Amino acid sequence: MANAKHYIFVSITLGSIAAASALLIGGANYLTREKITQNEINSINKGIVAIFGQSAGIIEQKEIANDSYKYVTYYYAVSKEGSDENIGVAYRTTGSNMYGKISLLVGFNLSNEFVSISVISDEQTYAQTLTDNYIVPVQDGTRDYNDVSCGATYGAKLIRDMINDASKANEAQIWKD
Amino acid sequence: MKREKGYTKKNFLKGIINENPLFVSILGTCPALATTKTLEAAIGMGILFTVVLICSSALVSLLRKVISEEIRTPAYIVIIATFVTIVKMFTNAFLPDLYSTLGVFISLIVVNCIVLGRAEAYASKNNVFDSFIDALGMGVGYTLALLSMAFFREFLGTGAFAFGNIFTFIPLVKVQIIPKEYVMSIFQNPAGAFIVFGLILAVLAFIKNRKEEYKAYLARQEKIRKAEEAKKAALATAANKEEGGNK
């Protein structure tokens, strides 16, 4: 009987700690979610500018839910500021491997040519090596994105696959679905 | 129970000097190697780490009589993970640049041995105030250790100190001290982190050894002095005896 009481007490204690933790995390989420969403929007806008230049902006966006594309999650039509003239498209891609998650924008011009990438978030363990040896050279145009030997090869391979996935989606004009 | 005089000060300082988690206990080395490329990143990591350590130690201490032996470790991990998640959310919301710079290393605070170690070794046995002071000392000690590594890595690796890249609420300031053509970029790479860490540990070990040698030297001197005094006293006694005999 005493044993049963003890086990009930132990279970209630652990359950209470877990419940209090859930409440605290819920509260923190409530306080921060709007700001986090706003930060994400800002980083997407910054990414669009980084790929297409100062005056670029999003005129249309669409969520992509197509099982044929493993990484593509959003489509953005890009125009010059103050005009409806389309200058290119960007895809938001999200992927992960054993070293962590990466989310990036992949830009294409109207001739369906790859322009550049912009990182929205990079939680890879080798994030710095990946940035220095692969992402920045790809952005500068000094490295072909298919060349993945960079000291963070698994991360680079993931990015290459994400770009290829976006390229496939762009060629298939997926946003028309 | 009566407290030893100056215990709070001693409790705080031990984490900074005698029991420094990074340089003495060699704990938490993974984030120390990964987040010390710049002083700003090291400050950020140090502050986040200290906040998690203080909150979890204080709560563990508060609940120490309720948490029974069988569920100690899972309960501590739930508490630590909660604070890490909260800190992560607030960093993502209000310091997005710090969040993207530290990346996965914020989440990895959960598995940092220092946090669980202090909860287990100290907070579970002491009151909230003492646990708070202990956590604060350990947090400050760890932050200072990260800063000392980041100082050398940023200085030697970039030749400059820059502020305002991560903490964007302060104006961007960059002071170039060494011309760019003379910087040693290896110090910005993981290998450089190991070199700096090794050199700091070597210097600290050298200082510790010298201190111990000096202490041993003083002890030897004291022993010799005492032996000489005893010899002199014995000679004086013998002389006195002889003088007495002559009289």
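Keep in mind the model is a prediction, meaning the values are calculated, not measured. First the proteins, then the strands, lettered A, B, ... as listed; each starts at 1.
For the set A:V119, A:L31, A:D122, A:N29, the count of heavy-atom pairs under 4.5 angstrom toward chain B peaks at A:N29. Counting heavy-atom pairs closer than 4.5 Å to chain B, the top-ranked of the candidates A:L14, A:T13, A:T32 is A:T32. Comparing A:G27, A:S16, A:S43, A:S21 by how many heavy-atom pairs each has under 4.5 Å with chain B, the most go to A:S21. When B:L63, B:V104, B:V78, B:I71 are compared by the number of non-hydrogen pairs under 4.5 Å with chain A, B:I71 comes out ahead. Listed options B:P96, B:S100, B:A81, B:A93 were ranked by heavy-atom pairs under 4.5 angstrom with chain A; first place goes to B:A93.
At most 12 non-hydrogen atoms from other residues, nucleotides or ligands lie less than 6.0 angstrom from NZ of A:K101. Shown here is B:F169, whose CZ atom has more than 12 heavy atoms of other residues, nucleotides or ligands within 6.0 Å. Shown here is B:F94, whose CZ atom has more than 12 heavy atoms of other residues, nucleotides or ligands within 6.0 Å. Within 6.0 Å of the CZ atom in B:F194, the count of heavy atoms belonging to other residues, nucleotides or ligands does not exceed 12. No more than 12 heavy atoms of other residues, nucleotides or ligands shown are found within 6.0 angstrom of OH on A:Y126.
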Inset, instruction - Please report the C-alpha distance between A:F9 and B:V66 in whole Å, then the side-chain angles of each, then the deciding distance to 0.1 Å, and finally whether the side-chain contact (heavy atoms from CB on, under 4.5 Å) criterion is met. - result: CA-CA 9 Å; A:F9 176 74; B:V66 183; 4.3 Å; yes
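The OG atom of B:S107 sits 6.5 Å away from atom CD of A:E123, with the distance rounded to the nearest 0.5 Å. Separating the CZ atom in A:R33 from the CG atom in B:N92 is a distance of 14.5 Å, to the nearest 0.5 Å. Considering OG1 of B:T85 and CD1 of A:I25, their distance stands at 4.5 Å, rounded to 0.5 Å.
At a threshold of 4.5 Å between non-hydrogen side-chain atoms, the residues A:I17 and B:I79 count as touching.
The two atoms that bring A:I36 and B:M89 nearest to each other are CD1-O, 3.8 Å, heavy atoms only.
If you measure heavy-atom distances from A:Q38 to chain B, you find no contacts under 4.5 Å at all.
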